[in-house]
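Structure, as structure tokens:
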2 protein chains.
Amino acid sequence: MPKELQLLQATPGGCCTPITEEPLAAGDATELSRRFKALGDPVRLRLLSRIASAEDEICVCDLTGGDFEVSAPTISHHLKVLREAGLITGERRGTWVYYRPVRGELDRLSALLGGQWSA
Amino acid sequence: MPKELQLLQATPGGCCTPITEEPLAAGDATELSRRFKALGDPVRLRLLSRIASAEDEICVCDLTGGDFEVSAPTISHHLKVLREAGLITGERRGTWVYYRPVRGELDRLSALLGGQWSA
DNA sequence: CCCCTATGTTGACAGGCATCGAATCAGGAT
DNA sequence: ATCCTGATTCGATGCCTGTCAACATAGGGG
């Protein structure tokens, strides 16, 4: 396990500087690639878009309802990946579980990809 | 090969609407997840940041120069993945090959993740 | 022409990942 | 307590991918 490799030269403060302006440090790249990897699956992307476009939060029961052609355990697995990537948070209230996006993380990734919006 | 699955309900025009506003269609998700998957590797993220932060273009010989602890064929492989994802373009001029980022694609992905910048 | 350096490709191997069915856990209702 | 339903976890399986050594290709210089 090359775990200590992740410690080398991680940018202390931000790691939010757009990649169009400054090369990424090795530590930051490991950290950020984990998030992008979570977006690298069509089912997860659709799940995230459903969650992110919800007014406030969304019930899992609205996600497992046949819109995706995968089984419920698979959806649960993908939600876990998104959760561990810090892109969404889940909370159980009574029978159902509700998910909501972590908009700060999404904005951070968005900023990293440039987005000068002025071109 | 479920190739024809990618054809179902792809948004005709853009597929650039932020996921915070509208759920992703299945076809668009397949298309976009391929790009995010290309970002889901630390080596590729660092390569892309080096390329994107270059003034105009960058020589491969500046990338294979020991900064990464992987072999040259591996770097070549990662560059190919980024190329096929449409995030960079490469051109051979004489002995060396030069790469440059496709900023439009990076902006598109950035826009997709929200980035209202007004929060 | 033949060698030499710089890139990219191929084949192979190891580890990771998406997916599912079955089992498990959490809560509400009977 | 007992059952039922919704959600997650577990174990297994097959595909995908990162990596390297070896080979192939491109182009410049002797």
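Each chain gets a letter, A, B and so on, in the order its sequence line appears, and its residues count up from 1. Here the structure is a predicted model, which means the values were calculated and not measured.
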Find the distance A:Tyr98:OH to D:dT8:C1' and express it as a whole number of Å. 17 Å
Would you find a donor on one side and an acceptor on the other, under 3.5 Å apart, between the side chain of B:Arg44 and the backbone of B:Leu39? no
State whether a side-chain donor-acceptor pair under 3.5 Å links B:Tyr99 with B:Arg83. yes
What is the distance from CH2 of A:Trp96 to C1' of C:dA29, rounded to the nearest Å? 12 Å
Quick one: list whatever passes side chain to side chain donor-acceptor pair (under 3.5 Å) with A:Glu84, sequence neighbours left out. none
For A:Gly40, is there any backbone N or O sitting under 3.5 Å from a side-chain donor or acceptor partner on B:Ser33? no
Is any side-chain nitrogen or oxygen of B:Lys37 closer than 4.0 Å to OP1 or OP2 of D:dT17? yes
Is it the case that B:Thr20 and A:Ser53 place a side-chain donor and acceptor less than 3.5 Å from each other? no
Could you tell me whether B:Arg100 and B:Asp56 make a salt bridge, using a distance below 4.0 angstrom between a side-chain N and a carboxylate O? yes
Quickly work out the A:Ile75 CD1 to D:dT8 P distance and round it to whole Å. 10 Å
Rounded to whole angstrom units, what separation is found between the CG atom of B:Leu47 and the P atom of C:dT7? 13 Å
What is the separation between atom CG on A:Leu63 and atom P on D:dG6, rounded to the nearest whole Å? 15 Å
Thinking salt bridges, do B:Asp28 and A:Arg46 make one under a 4.0 Å N-O criterion? no
Rounded off to whole Å, could you give me the CG-to-P distance for the A:Leu79 and D:dT9 pair? 10 Å
Just how far, in rounded Å, is P of C:dT7 from CD1 of B:Ile88? 14 Å
Base versus backbone protein contacts along nucleotides 19-30 of chain D [heavy-atom cut-off under 4.0 Å; B, S, -]: BBBB----SS--
Which heavy atom of A:Val43 sits nearest to which heavy atom of A:Phe68, and what is that distance? O-CE2, 4.3 Å
Counting heavy atoms from C-beta on, name the nucleotide in D:dT8, C:dG8, D:dA7 closest to the side chain of A:Arg83. D:dT8
Can you tell whether the side chains of A:Glu91 and A:Arg93 come within less than 4.0 Å, N to carboxylate O? yes
Just to be sure I understand the geometry, which residues of residues 51-59 of chain B put a non-hydrogen atom under 4.0 Å away from DNA chain C? B:Cys59
Using whole Å, report how far CD of A:Glu91 lies from C1' of D:dA7. 15 Å
